[in-house]
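To start, the structure under review is shown below, and the notes come after it.
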Amino acid sequence: MPLPDASFDIVFCDHGAITFADPYRTVPEVARLLRPGGLFAFNHGSPIESICWPLDGDHVGDRLVLDYFGMRQIDDGDAISTQRNAEEHAWARRWPAEEIWRLRLDG
């Protein structure tokens with residue numbers, strides 16, 4: 001980033017670079033931009049949401065449908081069972097759809 005060191009008190013990343021960029025480059029750059037005691041907050045999708053969303057589906061389902069590591073269909077759909085509801089918001093009340101992280105720079 002073409003900004004001076006210690007430019008910010010807070011750096012927030014909403015489904016941005018922290019999701020797809022190399023963390024060994026991103027995190028040190030965030031640390032450089034933060035003032036001492038600054039806050040780095042970011043979020044990304046939960047693995048639980050990923051394994052309950054069918055590859056051909058329009059929304060997350062109420063059962064485990066993917067092996068998270070192999071991304072292949074599995075037989076035991078009862079591994080994760082929630083109250084049947086097509087709305088994603090109802091699903092997210094029961095299972096975490098996103099993870100939010102807060103990191104504080106020592107200073």
Side-chain angles (χ1 to χ4, degrees):
M1 302 271 323
L3 297 166
D5 294 356
S7 294
F8 300 97
D9 292 318
I10 299 172
V11 172
F12 178 72
C13 182
D14 182 23
H15 291 280
I18 201 68
T19 304
F20 58 82
D22 179 356
Y24 290 100
R25 294 182 65 193
T26 307
V27 174
E29 182 64 3
V30 169
R32 183 187 72 77
L33 293 170
L34 284 172
R35 293 184 183 111
L39 176 68
F40 176 34
F42 63 91
N43 68 326
H44 58 84
S46 160
I48 293 174
E49 180 187 39
S50 298
I51 62 177
C52 291
W53 198 310
L55 294 175
D56 60 350
D58 291 333
H59 62 273
V60 67
D62 66 347
R63 298 186 181 271
L64 179 67
V65 294
L66 300 173
D67 172 346
Y68 186 68
F69 297 101
M71 296 305 283
R72 58 184 160 75
Q73 298 290 334
I74 61 174
D75 296 330
D76 187 7
D78 292 327
I80 294 180
S81 178
T82 66
Q83 176 178 343
R84 194 122 182 92
N85 192 327
E87 295 180 36
E88 293 174 36
H89 297 291
W91 183 91
R93 279 189 215 110
R94 176 115 168 121
W95 302 102
E98 295 183 2
E99 295 178 357
I100 299 174
W101 292 72
R102 298 180 330 160
L103 307 169
R104 181 92 42 200
L105 182 66
D106 286 339

How far apart are the closest heavy atoms of [X] and [Y], and which atoms are they?
{"X": "Gly61", "Y": "Pro54", "value": "N-CD, 4.2 Å"}
{"X": "Pro28", "Y": "Pro23", "value": "CD-O, 3.6 Å"}
{"X": "Met1", "Y": "Arg32", "value": "O-NH2, 3.0 Å"}

Distance (rounded to the nearest 0.5 Å) between [X] [atom1] and [Y] [atom2]:
{"X": "Asp14", "Y": "Asn43", "atom1": "CG", "atom2": "CG", "result": "4.5 Å"}
{"X": "Glu99", "Y": "Glu49", "atom1": "CD", "atom2": "CD", "result": "10.5 Å"}
{"X": "Thr26", "Y": "Phe20", "atom1": "OG1", "atom2": "CZ", "result": "8.0 Å"}
{"X": "Leu39", "Y": "Leu103", "atom1": "CG", "atom2": "CG", "result": "8.0 Å"}
{"X": "Arg102", "Y": "Ile10", "atom1": "CZ", "atom2": "CD1", "result": "10.5 Å"}

Should we count CG of Asp5 as having more than 12 external heavy atoms under 6.0 Å? yes

Should Val30 and Leu3 be regarded as members of a common hydrophobic cluster, given that ILVMFWY residues are connected when their side-chain heavy atoms come within less than 4.5 Å of each other, either directly or indirectly? yes

Shared hydrophobic cluster, Trp101 / Val27 (ILVMFWY, side-chain heavy atoms < 4.5 Å): yes

Measure up the Phe42 and Phe40 rings against each other and bin them: parallel (under 30°), tilted (30 to 60°), perpendicular (over 60°).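 Because their plane-to-plane angle lies in the 30° to 60° range, the rings of Phe42 and Phe40 count as tilted.
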
